[in-house]
There are 4 protein chains.
Amino acid sequence: MAQPLSGEPRARVLVAGASGFTGALAASLVWHHPRLELAAATSRGDAGTRLNRLYPRYRVPIELTELEIDAAASLDAALVAYPHGAAAELVAELHGAGLAVVDISADFRLHDPAVYERTYGEHGAPELLGQAVYGLTELHRDAIREAQLVANPGCYPTAALLALAPLAEAGLAEDAIVSAASGVSGAGRGGGDGLHFVNVDENFSPYGVEGHRHAPEIEQELAGLGTSGPVTFLPHLLPLDQGLLASCFVGLSREVSAEDLRSLYEERYGNERFIEVVDAPPGVRDVRDTNLCRIHVALDEDAGRALVFAAIDNLWKGASGQAVQNLNLMLGLDEAEGLR
Amino acid sequence: MAQPLSGEPRARVLVAGASGFTGALAASLVWHHPRLELAAATSRGDAGTRLNRLYPRYRVPIELTELEIDAAASLDAALVAYPHGAAAELVAELHGAGLAVVDISADFRLHDPAVYERTYGEHGAPELLGQAVYGLTELHRDAIREAQLVANPGCYPTAALLALAPLAEAGLAEDAIVSAASGVSGAGRGGGDGLHFVNVDENFSPYGVEGHRHAPEIEQELAGLGTSGPVTFLPHLLPLDQGLLASCFVGLSREVSAEDLRSLYEERYGNERFIEVVDAPPGVRDVRDTNLCRIHVALDEDAGRALVFAAIDNLWKGASGQAVQNLNLMLGLDEAEGLR
Amino acid sequence: MAQPLSGEPRARVLVAGASGFTGALAASLVWHHPRLELAAATSRGDAGTRLNRLYPRYRVPIELTELEIDAAASLDAALVAYPHGAAAELVAELHGAGLAVVDISADFRLHDPAVYERTYGEHGAPELLGQAVYGLTELHRDAIREAQLVANPGCYPTAALLALAPLAEAGLAEDAIVSAASGVSGAGRGGGDGLHFVNVDENFSPYGVEGHRHAPEIEQELAGLGTSGPVTFLPHLLPLDQGLLASCFVGLSREVSAEDLRSLYEERYGNERFIEVVDAPPGVRDVRDTNLCRIHVALDEDAGRALVFAAIDNLWKGASGQAVQNLNLMLGLDEAEGLR
Amino acid sequence: MAQPLSGEPRARVLVAGASGFTGALAASLVWHHPRLELAAATSRGDAGTRLNRLYPRYRVPIELTELEIDAAASLDAALVAYPHGAAAELVAELHGAGLAVVDISADFRLHDPAVYERTYGEHGAPELLGQAVYGLTELHRDAIREAQLVANPGCYPTAALLALAPLAEAGLAEDAIVSAASGVSGAGRGGGDGLHFVNVDENFSPYGVEGHRHAPEIEQELAGLGTSGPVTFLPHLLPLDQGLLASCFVGLSREVSAEDLRSLYEERYGNERFIEVVDAPPGVRDVRDTNLCRIHVALDEDAGRALVFAAIDNLWKGASGQAVQNLNLMLGLDEAEGLR
């Protein structure tokens with residue numbers, strides 16, 4: 001069964017690393033996309049297996065293949081869903097071959113090589129760090145449109161930054177505490193004992209208490225928006241599959257009303273098609289299997305703090321959905337194409 | 001089938017409101033307790049039903065009965081598990097009849113009648129507010145021993161205060177943010193549409209954003225320990241049955257090392273039989289069906305904040321387990337009797 | 001925000017009872033359907049509420065309204081999602097007004113009024129029983145195309161009959177045991193204490209042991225296919241939201257090979273767009289949020305029994321998805337329109 | 001922290017393979033048992049780790065060690081929780097050293113070596129097969145009391161056989177279909193990708209369709225009770241941790257009333273302390289963390305079939321709980337000691 005192609009021209013897209021959770025969703029989004037063609041979906045461990053067998057829910061009947069880098073010449077774009085550290089070299093090759101590349105791994109998210117090394121270890125293509133655009137679409141849309149290499153944000157930073165950006169841009173955020181929680185798919189298909197059903201079921205616990213690798217990403221982007229106060233980021237593991245909530249507590253630099261806060265968010269995001277500013281606390285279930293981010297803001301007047309909540313699907317807006325959103329922009333397509 | 005009574009003398013205990021989640025567990029703990037006799041388990045809505053039918057897991061074969069207040073004369077003690085607002089009058093009567101009373105509802109937790117009214121509405125027995133001892137055992141043990149009326153803490157305040165007390169007592173806590181999450185049993189057997197399986201399953205969301213009624217309780221007790229800075233308390237609903245985690249972010253008034261923090265907690269709680277200070281983040285699953293509180297403390301050095309995590313079972317240490325712990329003390333029994 | 005209507009003509013559809021689980025999904029499917037217009041979504045209990053507030057996941061921004069039967073004249077079709085027993089009168093009125101009606105309730109599924117009364121009580125429009133076509137699309141497609149009134153099957157009968165039909169049609173089924181299990185949404189939005197999260201979570205139990213009302217429906221249809229042996233139907237409640245599996249054990253009237261069985265199913269369903277015959281046991285997760293039925297057949301040679309498994313999403317193929325599939329046929333549209 | 005030992009003499013017990021799910025529970029039951037001493041808990045992969053770190057819930061503070069077979073001389077008994085196939089040799093050694101041994105693996109359950117080999121592969125100590133008593137306590141209590149080697153039953157056979165035995169013993173069971181479902185802990189701590197949270201969550205599917213290794217065990221025991229008709233056994237995987245339900249459909253050899261069936265079960269199990277015959281369908285949640293089996297029997301009169309449901313906790317009555325129940329008997333202790 002071939003991808004149903006209509007008469008419209010399509011960009012030919014490679015999804016590299018399509019057997020993991022984010023790669024498989026990326027392959028599915030490309031497969032069902034009206035303007036993209038899934039040229040190949042590769043996997044190192046599962047080549048020869050049909051994607052349908054690994055992920056029946058996605059209904060992509062193609063076979064996973066080994067990566068053939070020579071074939072890159074015939075492609076227009078690539079979504080790379082390799083593990084952190086393993087992506088840089090491939091990204092460099094594909095970028096060198098002239099493809100528009102969205103890297104879903106962490107390899108190009110941090111501008112500062114020293115911060116990258118402290119967080120993830122040695123970098124495989126440090127010379128490209130300066131060219132990558134941080135792919136939080138709603139913050140860097142114009143640069144993404146022009147980019148040839150987009151570093152797709154982590155799931156936690158996506159929610160946290162969408163929650164914090166309006167306050168940061170308005171000079172209102174003095175400091176921030178981000179208490180976040182994610183479903184298990186955020187940890188990937190590997191993950192070992194800790195992700196055995198029995199260890200997650202009916203459980204809830206914090207992790208990464210001594211420092212989570214998403215923290216530098218959040219700090220980098222907040223600094224770019226002018227907020228230099230301390231940020232504390234703390235993730236928890238939820239006993240569910242897909243869904244991520246960032247609960248943010250923001251020290252305010254000046255007095256504002258709850259209504260001011262609400263207006264600030266509505267104005268900032270009023271034209272965004274994937275952000276919903278709502279008048280009640282969001283649940284992760286509200287956005288499952290969508291590219292949406294639902295945001296609610298409230299005021300703790302006594303403490304002088306804003307409370308901001310952002311819910312996303314960690315696999316969609318937190319990974320592959322946003323990757324396609326970015327790729328759409330890079331290819332001059334409608335940003336929401338294939339994502340509704 | 002009668003409660004298996006040995007030769008030892010037992011205190012005769014009434015559990016009022018035994019058809020709700022906390023009341024049923026209270027009845028079960030009394031039933032299986034070596035030094036207490038379950039004299040009666042009452043229910044307004046389910047009188048005539050055997051507790052075993054409502055809660056097979058507790059294996060208490062007695063029939064729920066209507067409350068007969070005249071029978072109070074033959075009793076030694078009572079655990080009252082009525083809804084908030086509905087308990088005060090019964091508590092006053094039982095207290096007047098000379099019983100040792102632990103009120104699991106919120107009715108006697110707040111010392112200040114004005115704060116109570118703002119939070120819960122009119123109070124049914126305000127004259128007793130001054131006599132009730134706040135039953136967070138590890139903070140008020142000596143007073144509980146002497147008390148005739150103990151106001152059992154809320155589940156969130158139990159976890160939050162056990163997490164914060166060592167810092168507050170040491171004068172280290174400048175302010176505090178408590179981002180907490182509880183399983184569904186914390187909301188009680190009623191609760192309506194929102195607790196339908198379909199609305200909770202695979203979901204996670206904050207609630208009580210505009211002010212949760214447990215916040216004044218936390219503030220009252222922290223003030224008692226000398227911390228007057230702003231406290232922000234924010235609960236979330238977890239897709240699981242029993243379990244509660246309080247993740248606390250505490251602004252520190254002076255520089256301390258991670259080791260100092262760890263020592264502070266180990267010393268404060270070293271002799272406590274129901275508190276475990278552990279060297280890794282706790283999960284709620286670790287303490288399910290126990291009266292334990294697991295605490296872990298860490299330091300965010302850059303932000304000058306302590307991160308403290310406390311996990312409890314909301315029905316045990318957060319309600320009925322702690323109620324029995326308190327009753328043991330009031331009756332001169334070993335604090336842990338019937339709770340291991 | 002109005003339904004995005006293109007230039008193509010659309011049938012104007014009423015969804016009656018749109019605040020329940022099946023009605024809300026029906027409204028959502030109509031709303032997002034390229035050839036249907038959601039003329040009104042009515043609710044007796046929630047009129048005035050926006051559907052988006054009750055079911056954020058469906059992203060239908062319209063307000064629920066009271067039913068105005070006079071307005072029926074301007075409509076082309078109706079999906080009725082009232083509770084069993086409450087639908088018959090409305091269905092009769094809408095049918096009388098000339099609308100194509102799909103009744104998602106049980107009111108017109110049983111041809112024999114006596115069986116209906118034994119199962120559900122008195123019938124509100126018995127004169128129409130003879131005109132209703134049983135809407136299991138893959139069994140009665142031609143009749144559905146011509147029908148003005150379709151009785152949409154129950155969720156359990158849908159899975160069971162799709163599993164059993166090929167064997168029954170081939171004269172192979174001597175008797176059948178259907179051991180089925182459904183997620184909680186199958187029980188509807190009401191349902192009381194038993195569907196409280198705490199009672200379902202980590203639980204699994206049979207119900208309807210003394211006779212489930214879906215059994216007569218299964219028997220009626222199997223008899224229509226020529227199988228008159230005894231059928232035992234037994235449902236269980238699963239601790240999940242959407243998903244239904246029917247595990248069928250069928251006594252075979254003659255010896256066949258596993259391969260024969262497999263071929264039988266592949267041939268019978270080879271052209272069906274919503275049935276997938278697969279070579280491994282299906283999981284309910286594979287078909288969640290789709291109108292698909294996944295079927296696997298195996299042979300227990302020693303016992304002379306076929307084992308047939310059919311997985312569906314109880315809200316989709318088991319209710320509203322199949323309702324739209326049927327409505328598409330009644331209106332002369334492509335059967336799969338709006339369901340992919 | 002040492003095991004709290006009182007004055008009473010205790011048998012010294014080894015738990016071999018204590019890092020898996022059943023081994024860890026076995027170690028916990030021995031640790032908290034008033035008449036047993038946990039002499040050692042061994043693990044090949046996790047020696048050096050404290051059991052408390054792997055399983056906080058069990059509160060067993062000892063360190064796992066390497067097995068030292070020479071130390072066996074000082075022991076009275078052993079519970080072996082090795083994987084199937086890996087246990088036989090160790091069991092033979094411990095048995096040879098004069099210990100009372102309960103083997104929780106499958107290695108000694110099947111009397112016929114040929115059946116064992118077909119099911120599990122080569123056997124490591126076939127000479128012992130004849131000496132092992134099948135440890136379904138309620139069926140073989142007297143033999144267990146005299147045994148030096150007990151083969152603890154599988155979780156599915158335990159539930160299925162307790163459900164079927166009264167009918168088989170009464171000569172009523174002509175054939176049987178066992179449609180069973182188990183929580184994930186039944187599959188053990190290993191288990192790979194299929195037990196990743198994401199693959200189990202919100203899912204439900206049959207497995208072992210081509211033949212599950214527990215089937216021969218059920219057939220062997222039913223044959224021993226005089227039922228030689230065909231048995232079809234089919235397991236499913238439930239999205240929960242602990243709990244197993246066997247739903248049995250039994251062709252009856254003669255007409256009986258529902259009341260007859262109920263009496264049959266009540267009489268057969270009336271004196272059993274771990275079996276509850278109940279008048280409503282059992283849920284697995286009712287027996288979680290207990291050694292109980294809850295049974296309900298009903299009649300499908302039209303089909304001439306009995307419906308019998310048995311719920312157990314797969315880790316307790318389905319494995320380690322029953323192992324301790326058997327060990328109690330072998331050591332001349334009260335059968336229920338340490339299990340209430």
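A, B, ... follow the sequence lines: proteins, then strands. Residue 1 opens every chain.
Between F204(A) and L244(B), every side-chain heavy-atom pair lies at or beyond the 4.5 Å cut-off. In this structure, Y207(B) and P281(A) have side chains that are not in contact, with every pair of non-hydrogen atoms separated by 4.5 Å or more.
Looking at every heavy atom in both residues, S205(A) comes nearest to L245(B) through CA-CD2, 4.5 Å. Minimum heavy-atom separation, H236(B) to S247(A): NE2-OG, 2.8 Å. When all heavy atoms of E202(B) and Q242(A) are compared, the closest pair comes out as OE1-N, 4.5 Å. Shortest non-hydrogen contact noted between A298(A) and V209(B) is CB-CG1, 3.3 Å.
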Verdict with supporting geometry, F249(B) and V178(A), side-chain contact (heavy atoms from CB on, under 4.5 Å): CA-CA 10 Å; F249(B) 305 85; V178(A) 178; over 6 Å; no
Derivation of the side-chain contact (heavy atoms from CB on, under 4.5 Å) call for I177(A) and R305(B): CA-CA 10 Å; I177(A) 288 166; R305(B) 287 186 190 116; 3.4 Å; yes
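Few gaps surround CD on E117(B); more than 12 heavy atoms of other groups in view lie less than 6.0 Å from it.
With hydrogens and angles disregarded, a donor-acceptor distance shorter than 3.5 Å links the side chain of R285(B) to the backbone of D201(A).
Neither the backbone nor the side chain of A215(A) comes within contact range of chain B; no heavy atom of the residue lies under 4.5 Å from a heavy atom of that chain. For chain B, the nearby part of D300(A) is the side chain; its heavy atoms alone come within less than 4.5 Å. When heavy atoms are compared at a cutoff of 4.5 Å, V200(A) does not approach chain B at all. For E210(A), the part lying near chain B is the side chain, with the backbone staying farther off; criterion is any non-hydrogen pair under 4.5 Å.
Annotation: maximal heavy-atom pairing with chain A below 4.5 Å, among L240(B), D241(B), L307(B), occurs at L240(B). Options A181(A), G304(A), P282(A) differ in how many heavy-atom pairs under 4.5 Å they form with chain B, and the most are formed by P282(A). Interface remark: of the candidates P206(A), P230(A), G283(A), P206(A) forms the most heavy-atom pairs closer than 4.5 Å to chain B. Across V231(A), D175(A), L234(A), T232(A), the residue that shares the most heavy-atom pairs under 4.5 angstrom with chain B is T232(A).
A distance of 6.0 Å separates CG in N203(B) from CG in D286(A), rounded to the nearest 0.5 Å.
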